[in-house]
Number of protein chains: 2
Amino acid sequence: MPSATVENYLKCILMLSMECDHGEVPMGLIANSLGVTSGTATSMMKSLQKEKWLKYKSRKGVTLTSSGKKLGMRMIRRHRLLETFLVETLGLDWSEIHDEAEVLEHAISEKVLERLDVFLGNPRHDPHGHPIPTKAGIIRKSPQKTLLDCDIGKKMKVVSIFDQSTEFLNFAKKKGLMPGNMIKAISRDNLADTIELQIEKTPKFSLGLTSAEKILVSG
Amino acid sequence: MPSATVENYLKCILMLSMECDHGEVPMGLIANSLGVTSGTATSMMKSLQKEKWLKYKSRKGVTLTSSGKKLGMRMIRRHRLLETFLVETLGLDWSEIHDEAEVLEHAISEKVLERLDVFLGNPRHDPHGHPIPTKAGIIRKSPQKTLLDCDIGKKMKVVSIFDQSTEFLNFAKKKGLMPGNMIKAISRDNLADTIELQIEKTPKFSLGLTSAEKILVSG
DNA sequence: ATCACAACTTTGATTGGTCAAAGTATAGCG
DNA sequence: CGCTATACTTTGACCAATCAAAGTTGTGAT
């Protein structure tokens, strides 16, 4: 059975390969997002390759094999189901669940996970609005865009927030940018690189485009 | 923070010191019940002593310090609350929860644990009938004896089963020896070393004294 | 009082995961 | 084309946890 470390590397590589697809995921991104030195990442890649989780091309990067992808997906499923449980059942705060799930995802068995899934009513999205992969490792996605390329003046629903940091999550929460909420884009200022938003009847406010990019919306 | 390994050693030593109190817990028992070689146990004891979890006397054995006891108790609390959750909430089988809890107990945070405790309604006993230590590390105990020294002919309630093996637990379950059930000791045969039991209206059966010793009863 | 054996300790080696620091390849500028 | 800066790899070291095998001690039986 793969160690927690292996599980983490694989989940991380899968997420990187999904969000910024360059075919191969470069070492730098991996080392960086796991907080290890690049040497550590390199040597880890070699052993992950030896165990057939991925294909490693020196100075190019890394691509997951199908078993690598499968395990990565399994980890994302675990993570998101656990986050859902922590919020829905135990009432933990939106911003504190990530770190908890990060540990639990390596400890929970397949059996307990599937029971949890049933107990929670087979949820399709975690509390951040991210889709929960199926048991078979498939992400069911609904057509989504970010606040960057949304229509001005139309009402839409917040689907998810693509940021893990407590700081940003708390900010988003305070502003009402939470999955499920309806929001309206009032105007976009391409010179100032901001977008002006209104949520229900609360005051308008604006968001920089780097932040706007993290907010997924639908409708 | 103590590693999962440290947590395991401490929990194990605490349990050994409770069930067979000789003041000092000998190396052999520890190595044996953790399934490591005696050399490993010895070297671990030295480092646990260095970190003030216990006092180690060469060729004598080991006694926990108060912080050692506290951590040990915390692990038992975690384990038993998790077992309760796995049975009560997720409906896992009586016999499969031990191994699951054994892993999860090292991954769950204090915060999540306390939420779980509330969610479960502050249970006092796990599904095996073992008492769950309080947050402060105190075991509330009710007066109990084993089937070894129970009264013949009197009805009593099964309180807990002191065996972790799936095999024995399944056997006990099949026979109806489960916490909460009422049983009656029909007779004891001191020559054959057996005790004859009847549960509700099912057929009588007998139990060897080594097995009888594992069944705690009350009343 | 001696001696054998069981219980324990020591020693030396291994594995997985990590870092720091030194070495190397390559993309792209001049 | 050659050079430099950046991205990557190599090397050597370390730590926690483990084992096997060799060495030591203490207890109890004779």
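None of the values given here were measured: they were computed from a predicted structure. The basis for the numbers below is simple: all heavy atoms, side chains too, and nothing from hydrogens, waters or symmetry mates. A, B, ... follow the sequence lines: proteins, then strands. Residue 1 opens every chain.
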Whole angstroms only, please: what is the [atom1]-[atom2] distance between [X] and [N]?
X: E24(A); N: dA7(D); atom1: CD; atom2: P; result: 17 Å
X: K57(B); N: dG26(D); atom1: NZ; atom2: P; result: 14 Å
X: N32(A); N: dC8(D); atom1: CG; atom2: C1'; result: 14 Å
X: L29(A); N: dT6(D); atom1: CG; atom2: C1'; result: 14 Å
X: L10(A); N: dG17(C); atom1: CG; atom2: P; result: 12 Å
X: I30(A); N: dA7(D); atom1: CD1; atom2: P; result: 15 Å
X: M27(A); N: dT6(D); atom1: CE; atom2: C1'; result: 15 Å
X: K60(B); N: dT25(D); atom1: NZ; atom2: C1'; result: 11 Å

Under the salt bridge (Lys or Arg N to Asp or Glu O under 4.0 Å) test, residues paired with K69(B) that sit two or more places apart: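 So K69(B) forms no salt bridge (Lys or Arg N to Asp or Glu O under 4.0 Å) with any residue.
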
Member of K60(B), K57(B), K55(B) meeting the side-chain hydrogen bond (donor to acceptor under 3.5 Å, both in side chains) criterion with E24(B):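 With E24(B) as partner, side-chain hydrogen bond (donor to acceptor under 3.5 Å, both in side chains) holds for just one option, K57(B).
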
Looking at Y56(B), does the NZ or CZ of K46(B) lie under 6.0 angstrom from its six-membered ring centre and within 45 degrees of the ring axis?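 No, K46(B) does not sit over the ring of Y56(B).
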
Between protein and nucleotides 16-22 of chain D, what N or O pairs are separated by less than 3.5 Å?
unit_1	atom_1	unit_2	atom_2	d
dA17(D)	OP1	S3(B)	OG	2.6
dT18(D)	OP2	Y9(B)	OH	3.2
dC19(D)	OP2	T37(B)	N	3.0
dC19(D)	OP2	T37(B)	OG1	3.2
dC19(D)	OP2	T40(B)	OG1	2.7

For the residue pair H79(A) and H98(A), is the inter-centroid distance of their aromatic rings smaller than 6.0 Å?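 Centroid distance H79(A)-H98(A): below 6.0 Å, so yes.
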
Taking all non-hydrogen atoms of both residues, which atom of P2(A) and which atom of E7(A) are closest, and how far apart?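 That closest heavy-atom pairing would be O-OE2, 4.1 Å.
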
Determine whether any donor atom in the side chain of R59(A) lies under 3.5 Å from an acceptor atom in the base of dT24(C), or the reverse, and answer yes or no.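 Per atom types, the contact qualifies.
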
Between E96(B) (side chain only) and D93(B) (backbone N and O only), is there a donor and an acceptor less than 3.5 Å apart?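 Between the backbone of D93(B) and the side chain of E96(B) there is a qualifying donor-acceptor contact (under 3.5 Å).
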
